[in-house]
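Structure record follows, encoded as structure tokens.
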Amino acid sequence: QVQLVESGGGLVQTGGSLRLSCAASGLTFSRYPMGWFRQAPGKEREFVAAITWGRGQTAYYTDSVRGRFTVSRDNAKNTLFLQMNNLKPEDTAVYYCASDRLQMGVPRRTSASYQYWGQGTQVTVSS
């Protein structure tokens, strides 16, 4: 079965950095667009970033993280990454990785477009 396992979350001060990882198994990882979402307490899950399938040459970001976050993938290791720099308190949330429902498609920004999800990793940014 498909499994996505996030790691790398934690507590960091404003301006700090974290690198999230998402280890995938049970699917042909390189064929799937992948995404990162986050959910803060009392809020809906929101899109953070996504990357195209294959070599991941194109990435997409929500406006609030563009220029601070970088999504990447290592298909040889079946792993998705999210490098987060200059973190702000409003970035505090549980972060989830997800695989798109469609192979070899264009990454999408809606959570309903993604089929498999990890369990999430907590990121807390203190002010």
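Pairs passing the disulfide bond (SG atoms under 2.5 Å apart) check and including a residue from residues 37-91, sequence neighbours excluded, do not occur. For residues 6-119, the pairs satisfying disulfide bond (SG atoms under 2.5 Å apart) are Cys22-Cys97, with sequence neighbours left out. For residues 104-127, the pairs satisfying ring-ring contact (aromatic ring centres under 6.0 Å, His included) are Phe37-Tyr114, Phe37-Trp117, with sequence neighbours left out. For residues 113-127, no pair satisfies salt bridge (Lys or Arg N to Asp or Glu O under 4.0 Å), with sequence neighbours left out. Applying the salt bridge (Lys or Arg N to Asp or Glu O under 4.0 Å) definition to pairs two or more places apart or across chains, those involving residues 103-127 are Asp100-Arg108. Pairs engaging residues 21-35 under the side chain to side chain donor-acceptor pair (under 3.5 Å) rule: Tyr32-Gln103 [sequence neighbours left out].
Legend: residues meeting side chain to side chain contact (heavy atoms under 4.5 Å, CB included) with Val123, ordered by chain and number and at least two apart, are Leu18, Leu20, Met84, Tyr95, Val125. Residues passing the salt bridge (Lys or Arg N to Asp or Glu O under 4.0 Å) test with Arg68, sequence neighbours excluded: Asp91. For Thr110, the side chain to side chain contact (heavy atoms under 4.5 Å, CB included) partners at least two apart in sequence or on another chain are Ser113. The side chain to side chain contact (heavy atoms under 4.5 Å, CB included) test applied to Gln122 returns Thr92, Val94, Thr124, not counting sequence neighbours. Residues forming a salt bridge (Lys or Arg N to Asp or Glu O under 4.0 Å) with Arg66 (at least two apart in sequence, or on another chain): Asp63.
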Could you go through Tyr96 and Leu4, starting from their C-alpha distance and side-chain angles, then the distance that decides it, and tell me whether this counts as side-chain contact (heavy atoms from CB on, under 4.5 Å)? CA-CA 9 Å; Tyr96 300 89; Leu4 301 176; over 6 Å; no

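Heavy atoms only, all atoms of each residue included: Gln83 and Asn85 are closest at NE2-OD1, 2.9 Å. Between Ser127 and Pro89, the shortest heavy-atom contact is CB-CG, 3.9 Å.
In the hydrophobic clustering of ILVMFWY residues, with side-chain heavy atoms under 4.5 Å counting as a link, Val71 and Phe69 come out together. Under the 4.5 Å side-chain heavy-atom criterion for Ile, Leu, Val, Met, Phe, Trp and Tyr, Leu27 and Leu80 are members of the same hydrophobic cluster. A single hydrophobic cluster is seen to contain both Val2 and Met34, as judged by linkage of ILVMFWY side chains at heavy-atom distances under 4.5 Å, directly or through other members.
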Side-chain donor-acceptor pairs of residues 44-53 under 3.5 Å, sequence neighbours excluded:
| unit_1 | atom_1 | unit_2 | atom_2 | d |
| --- | --- | --- | --- | --- |
| Glu46 | OE2 | Arg38 | NE | 2.6 |
| Glu46 | OE2 | Arg38 | NH2 | 3.2 |
| Thr52 | OG1 | Gln57 | N | 3.3 |
| Thr52 | OG1 | Thr58 | N | 3.2 |
| Thr52 | OG1 | Thr58 | O | 3.3 |
| Trp53 | NE1 | Met104 | O | 3.4 |

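When atom types are taken as modelled, the side chain of Gln119 and the backbone of Glu6 share a donor-acceptor pair closer than 3.5 angstrom.
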